[in-house]
Every structure is written in C-alpha cells, then in structure tokens.
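Contents: one structure, followed by commentary.
Proteins get letters first, then strands, A, B, ... in listed order; numbering begins at 1 in each. This structure is a prediction, so every number in the text was calculated from the model and none was measured.
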Amino acid sequence: MKLRPLYFLISGVALFLSLYSIFVWGFKPSIDFTGGTVVEYQFAGPTTPELLKTILSIKAKEYGGKDIVALGDQNIQIKFPPAFSQEKAEVLSLDMAESFSEKPNIVRFETVGPAFSQEILNKTYIAIGIASIGILLWVAFQFKSIKFGVSAILAMLHDSVILSGTFAILGHYKGVEIDILFVTAMLTVLSFSVHDTIVVYDRIRESTKRFGDIPFLLLANKAVSETMVRSVNNSLTIIFMLFALFLMGGASIKWFVFALLVGTVSGTYSSPFVAVPLLVIWEELRGWWKTHRG
Amino acid sequence: MIRTSSQRLLVILFLALISLFISLPRKLPIKIHYQDFSFEKNLDFPGINFQYGNFALVRNLELKLGLDLAGGSHFVFEADMSKVSPQDYDAAIEGTRATIERRVNLFGVSESVVQTSKVGNLYRINVDLPGIKDTQKAIELIGETAKLEFKELKGLPSESATEGAMPFQTVDTDLTGADLTRSRVEFDPQTGKPVVGIQFNSEGARKFQEITKRNIGSPLAIVIDGQIITAPTVQQEISGGNAVITGNFTLEEARQLSIQLNSGALPVPVKIIEQRTVEASLGAEAVRKSILAGLVGLGMVIFFMVTYYGRLGFLASMGLLIYGAITIALYKLIPVVLTLPGVAGLILSIGMAVDSNILIFERMKEELRAGKPWMDAMEAGFGRAWDSIRDANIATLLTVFILLNPLNFDFLHTSGSVRGFAITLGLGILISLFTGIFVTRTLMRVFARKE
C-alpha cells in the first residue's frame, strides 16, 4: 500500500485515455444494435483487400453498402441497410463476378430489423442493470458493510470504463464493432473481477478478526501480498486459454475473446490495486473524521 | 455413506472412463501403419436407447453443433396482427406456425425447429434450419402469404377477358387454405396416373361437403393469389374431407400443384425481423480452429501447473483432463447445443476450473509454512478454501443466470449466441466445482499417502 500513488496514477492514466476515447470517438455499434444487414463474401483465390475496397466502394454503394472490411485473405464483409435482402446479395455477387472474373460465395448473411435492434438494445441495458445490482447486493450481503460494497462498485466501474475505452479505441482505429457478445463479455468480466475482489476482502476480514488492533493499512497490505500469488496464477491460466483462442480460434468470436482477455487482466489488477487502496482511503478518511470531530 | 479414499478413487475412475467413452466421436476410424504392419478399422460406438415402461432415454451421443458451427439459418418472423381480432391471436399465430412448419418440412431439413414466441404484444415465429443450402428459396417459400381460396364458377367464359384475369365470374366460398390440412401426390389405382389428394380439417370438410353438394357437375376453382391454378369438375358430393383432383397431370405438374396447395394460406402475413445464415464451410473452419486453440491452451495450462506446483500440479492436471471428459460427455447427454461463443465459454471455464485448485494449493502452502504436517495442511487447505471458492463462483453464476434467461423473461435476451455462452460457462463452473474439490482431493489423498 506504500505505492498507492503509483497505482492511482496507472489507473488514472488508463481511465483518462478510456474516457477520452469514449467521448471523442464513441463506439461502433454492430447491426445488433443499429439494425442493418451484413454479408460476408468469400473468394476462391486470395484477394488484395485494398483493391477490393476501392472497387467495392463504388459498386456496393449502389446498394447502399458501406463499411467494407477484409476478414482473412479471402473474405470480405460489407454492411448494408436493413432492407438489403439475400436476393440482392446474390445480385451483387454476380456483379462482382463481372469485375473480378470469379463469383464470390455468400458464406454469411445476417440481417436485423430496426425495431428488433432497438429491442435488443433495451434488453442489453436491462441485463447490465440487473447484473450490476445483483452483484452489488451480493457483495453487500457478504460483507455487511458499506465500505466494502462501495469500493467494490468503484473497482467494477473502473474495469467497465477501461474495457469500454479499449473498444472505443479499437473501433476508431480498426473498425471493431460492439455487439451483444461484447456486452456478454463485459458482464462476465465484471463478475470475475468481483470474484477476485471477494477473495482479497475475505482475507482482510479474516485478518481484522484475528489482529484487530493492528492498523488497517498493514492488514490490507498483508492481505494483498497473501492473495497476490493465487490471484495472478489464476488469471494466468485463464489468460493462457483465452490467448490461444484469440490467436487461433474462429474469426467471429475473435474480439469477444479479446474483450474477455482485457477484462480479465484489468479485473485482476483492480482487485488489489484499486479496490483495496480505496478501502484503505475510506478507513483513513473515517479515522480522520473521527479525530477531527473531537 | 462412508467411503474410503480408495473407493472414491474407483468411483472417479469409473466416471472418467464412462465420460471418455461418451466423449469419443461415435465413428472413430483407426489407422495404424508401421513398416509392413497395417491396421485399419472403423469403430462404431452405439448411442443410448433405453426404455422402461413409460420412461425412455434415447440419445445418439453425437455432439450437437449450433447453426454457426454446423451451418444453417436462423430466422425470426414477426406476425402482422392488424387484421385479426384479439381473441383470435393465439389461433392465428398457431395456424401460421403450423403452416410454416409444413412448408419447412418440404425442404426435408432434419431437426428443423419452428416455434412461436411472444414479446410484449408482438407475436413471433422462430425458425431454425440446420444445414440448409438454399436460404433464398427457403425465405421465399416460408415467408410468402400465398392466399389459397376455393371459388365457385358461375356463368360461361367471357370472350373479352384479358390475359391472366379471371375469365369467369366467381363466387367466393368460405373454404380457404387454412382449412386444408394436407395435399400430396397419389396415383390413381385404376389408371396409374398421378393425381393430387387433398385433405381438409373437420371444419373444412363440412364446408367442402356443402360446396360439392351445390356444384355437382360444375368446376370448382382453386385460386392462389388471385390466379386460378386449376378448376376440376366436382363429380359428387364429398363428405369426410378427403378428395382427389384428377386431370391429365404429369408427375411434375402433380407435384407442383401439391406443393402450391400445401403452401396454402398463412393466416397472417409475416416479415423477417432477424436472420442469421452461416455456410457450413465457415462453421467447419471455426470448429477446427477452436479445437486446436483449446488443445494448445490446455497444454499451456498443464505445463504451467506442473512447473509451478510440481506433483500437486500434475494431480490437478489429471483432474482437469477428467473435467474435460465429463464436460463433453454431459454436452452429449443433456444434450447441449454447442455454438461458437459456447466454445469460448467452455475454454474460459477450463481456465477457471483450475482456480479452485490454485486456491487450495496456496492455502496449503500457508498451512505448511505454519508448520502443520502434510495431511493436516491439505485438509485445512481444502476446508478454508471452500468458502472462498463458493462465494466467488456465486457472483459468476448470477451473471450466467441473467445471460441464460432460462425462464424466458421478456425483458432479457433470448439470443442463441448469448445463451450458448452462458450455458457452457455455467455448466463448466458447476462441473469444475465438482472435479476441483472431489476429484483432486481424492487423488491427492490416495497418491499423497504413498509419500
């Protein structure tokens, strides 16, 4: 806990960058939230993405296509407004056959109506709301004291902002989109972060019972160092699995897995280096308040 | 029941072997080539077919892959109820569902799913078509509100009728496609020629009887979307709702007519509000990559555990492998439909499964440092770690519950991807609680005694 200023500095910088990205660049929502159609075409031979992008921006524009992205070296993905039907996708494919002397296959076609996407968005907000409240109630119930609850909330908030900020940056520079799976990752990561925080809090509570007269700062320090190894090892195993999946796994869950990765790292960091220092500050403020009231 | 550790070990081994057996693919080709020696055999493992009285358990023990891994289409149609009165809503949506299901079956898609769902006061139909190739045709056939009517003809053909328009004067009857239960191609027993057999429901049979009674000797027009498809002459009054349409049909013409009659009338019009189609090749690639990633990740975790925790790490890794076998066996038994996010959930839960072991090992180290003998340290480690493990996993299980939405709440997601992830993660956590504590502890007790 001696290095508290350092931890707050690191968090502060991360938070600042995240908030900046969120407010300046915003997110790139997928069709799950905006409605629309997404078509993935696969060519038989390797394609030069640059060439494709330029030509397609002319052809696909006729159909209202935008946001052309290359996936792998044979596939491209184009976004269209919701009314773009599968029929039209076929027609475009034939169109492309003329320009590229090979007809690409439609390997994926997804469409979400605008009203439905609004519904998905609402359900997402509700899910986030219920999950957050549920977790908070659980922590409060577990520790029967506000200070644990509040610092846990703040640590969770810290993790959400950093994860969101990361994806705002990715959205801006790499066109990575936010979809339902991203929200799923966020909620999973929050619960994992709370999991981690509870382990440390458990330790603090145990120590407080056993050595009540020792200053809180030292107890907190002790708890953090005791649980550190376990926390890091646990995260390492999860990170190994996720990292393998990120590098080698299927394309459509790639960024979902990345969100889980980022969240795991930040969740592991936030328990000892955000949640606990906040707790310590709370105690110090309380002590200061007591002595100055006289 | 008091069991000794050795007995528990036997139970675990038994479970592990059964799980392993269930986990293996049902068709396993074995090829061994070594210099001159060559052995090839295709192993065929059976599924489960167990019946006892009214209770039946049938499982083919193949891993069920979701649409994004096996390829196929998922549609959500929303029904337009504007022309239906509220008390008829349920009947209308059910009739629509049944008609769509009939149309879907024409495609011969195995394991298709056609279900209704209601969100607020919006009525929906969810259609899953695994492995379908021609999605465009499916949409056309399924979504169209072909209006099938039966009309009586009055008068003679009008000379000045225009092409395609109704050349006859028709009188609407109240018999429509909604009354038709089925139509199919049959062969006239006497002439051997193809004919089209039609069957009405009880309400339709009654109406049909009246109409045929009224029109003996006259043509009865069968009209689809305002076009007369065929107008066979009524030979006699027909009761019972079964009739046969004869004409000089070729087999192909008979088939076409039958299909058109089957497509019938959708009681209410529907429109697509969501569609996800993935081609099988894309899905298969994803499967391959995921298996590879899973194995590599598993390898890294085992390497780490053995390196850092030594012999204990090895035991924990054994527990982990048993965990893997049990998990996949359960996927096949329940069965759980595996989607790509589901695979992510599985892999994540493998990473988390080791957590309980790590918690216990770290606690044990503390106890050992405090000077306790090995066995006591182990037991104490397990005991005190359990509280932490339980508390910590509850938070994740809560989130999983919300994502899974098992009670189908309106206000929460019902998306296949999200649920696929939640179910594998949730199941993974529960199984890992079992293996982490029961299996690893037993392994440790048995093998550690030999220290």
Side-chain angles (χ1 to χ4, degrees), chain A residues 40 42 85-87 90 105-113 115-116 119-120 122-124 126-127 130-131 134-135 138-139 142 180-181 184 187-188 190-192 194-196 198-199 202 226 229-230 233-234 236-245 247-253 256-257 260, chain B residues 68 76 78 119 135-136 139 271-279 281-282 285-287 289-290 292-294 296-298 300-301 304-305 308 340-341 343-344 347-348 350-352 354-355 358-359 362 366 387-388 391-396 398-399 402-403 411-413 415 417-418 421-422 425:
Chain A
E40 185 175 337
Q42 185 173 57
S85 66
Q86 182 139 359
E87 244 183 306
E90 282 289 339
N105 275 330
I106 299 178
V107 287
R108 184 168 57 99
F109 179 90
E110 296 186 6
T111 184
V112 178
F116 193 56
E119 192 182 303
I120 293 180
N122 292 339
K123 286 183 178 176
T124 302
I126 295 180
I130 299 183
I135 293 179
W138 171 248
V139 175
Q142 271 295 296
I180 319 182
L181 283 182
T184 307
L187 290 177
T188 307
L190 285 183
S191 67
F192 173 74
V194 164
H195 167 154
D196 219 34
I198 288 180
V199 172
D202 243 351
E226 282 170 358
V229 174
R230 172 257 145 200
N233 284 356
N234 179 37
L236 272 182
T237 56
I238 296 181
I239 289 175
F240 286 150
M241 299 297 299
L242 288 177
F243 199 60
L245 196 55
L247 288 180
M248 296 184 277
S252 62
I253 53 168
F256 171 52
V257 172
L260 288 170
Chain B
D68 56 355
V76 179
E78 195 166 87
V119 174
T135 328
Q136 186 48 33
I139 300 176
K271 70 173 198 281
I272 298 183
I273 57 171
E274 187 191 9
Q275 177 187 350
R276 315 259 179 192
T277 302
V278 172
E279 229 204 48
S281 62
L282 202 66
E285 198 187 312
V287 169
K289 285 185 174 176
S290 307
L292 188 61
V296 169
L298 195 61
M300 288 200 280
V301 170
F304 169 74
M305 287 296 279
Y308 194 82
L340 199 51
V343 170
I347 291 189
L348 185 60
I350 292 180
M352 290 171 79
V354 213
D355 179 29
I358 294 181
L359 257 169
E362 291 296 322
E366 271 177 38
D387 289 329
S388 264
D391 292 346
N393 277 313
I394 289 189
T396 317
L398 176 68
T399 307
I402 293 176
L403 292 172
F411 49 83
L412 288 178
H413 284 303
S415 142
S417 321
V418 175
F421 172 72
L425 186 62

>> How long is the straight-line distance from CD1 of B:Ile394 back to OG of A:Ser191, given to the nearest 0.5 Å?
In response: 12.5 Å
>> At a heavy-atom distance under 4.5 Å, which candidate from B:Leu298, B:Asp68, B:Leu282, B:Val76 has the highest pair count against chain A?
In response: B:Leu282
> So which heavy atom on A:Phe256 is nearest to which on B:Ala344, and how close?
Replying inline: CE2-CB, 3.7 Å
> Picking from A:Leu181, A:Ile135, A:Ile238, which has the most non-hydrogen pairs under 4.5 angstrom with chain B?
Replying inline: A:Ile238
> Tell me, side chain or backbone of B:Leu340 under 4.5 Å from chain A's heavy atoms, or both, or neither?
Replying inline: both
>> As an exercise: rank A:Asn122, A:Thr124, A:Val199 by heavy-atom pairs under 4.5 Å with chain B and give me the winner.
In response: A:Thr124
>> Just so I understand: if I count every heavy-atom pair under 4.5 Å between each of A:Lys123, A:Glu226, A:Glu110, A:Arg230 and chain B, which residue has the most?
In response: A:Lys123
> Looking at B:Glu78, B:Lys271, B:Met300, which one has more heavy-atom pairs under 4.5 Å with chain A than the rest?
Replying inline: B:Met300
> Taking all atoms of both residues into account, what is the closest heavy-atom pair of A:Thr188 and B:Leu403, and its distance?
Replying inline: OG1-CD1, 4.2 Å
>> Tell me the closest heavy-atom pair linking B:Gly351 and A:Asn234, and the distance in Å.
In response: O-OD1, 4.2 Å
> Any idea which heavy atoms bring B:Pro341 and B:Ser417 closest together, and the distance?
Replying inline: CB-O, 3.6 Å
> Side chain, backbone, both or neither: which part of A:Phe116 has a non-hydrogen atom closer than 4.5 Å to chain B?
Replying inline: side chain
>> Between B:Val278 and A:Val107, is there a side-chain heavy-atom distance shorter than 4.5 Å?
In response: no
>> Which heavy atom of B:Ser290 sits nearest to which heavy atom of B:Val343, and what is that distance?
In response: CB-CG1, 3.6 Å
> A:Glu90 versus chain B, heavy atoms under 4.5 Å apart: side chain, backbone, both or neither?
Replying inline: neither
>> Between A:Val112 and chain B, with a heavy-atom cut-off of 4.5 Å, which part of the residue counts as in contact: side chain, backbone, both or neither?
In response: both
> When only pairs under 4.5 Å are counted, which of A:Ser85, A:Ala244, A:Gly113 shares the most heavy-atom pairs with chain B?
Replying inline: A:Ala244
> For A:Ile106 and A:Glu40, what are the C-alpha separation, side-chain angles and deciding distance, and is it a side-chain contact (heavy atoms from CB on, under 4.5 Å)?
Replying inline: CA-CA 6 Å; A:Ile106 299 178; A:Glu40 185 175 337; over 6 Å; no
>> Let's test your reading of the structure: which of A:Asn105, A:Ile130, A:Leu242 forms the most heavy-atom pairs below 4.5 Å with chain B?
In response: A:Ile130
>> Once side-chain contact (heavy atoms from CB on, under 4.5 Å) is applied, do any residues pair with B:Phe304, and if so which ones, sequence neighbours excluded?
In response: A:Asn233, A:Leu236, A:Thr237, A:Phe240, B:Tyr308
>> Counting only non-hydrogen atoms closer than 4.5 Å, does B:Glu279 touch chain A with its backbone (N, CA, C, O), its side chain (CB onward), both, or neither?
In response: both
>> At a 4.5 Å cut-off on heavy atoms, which part of A:Ile198 comes close to chain B: side chain, backbone, both, or neither?
In response: side chain
>> Quick check on the interface: out of A:Thr111, A:Ile120, A:Ile180, A:Asp196, who has the most heavy-atom pairs with chain B under 4.5 Å?
In response: A:Thr111
>> Using heavy-atom distances under 4.5 Å, tell me whether B:Thr399 contacts chain A through its side chain, its backbone, both, or neither.
In response: side chain
> Looking only at heavy atoms, what is the nearest atom pair of A:Ala131 and A:Leu187, with distance?
Replying inline: CB-CD2, 3.7 Å
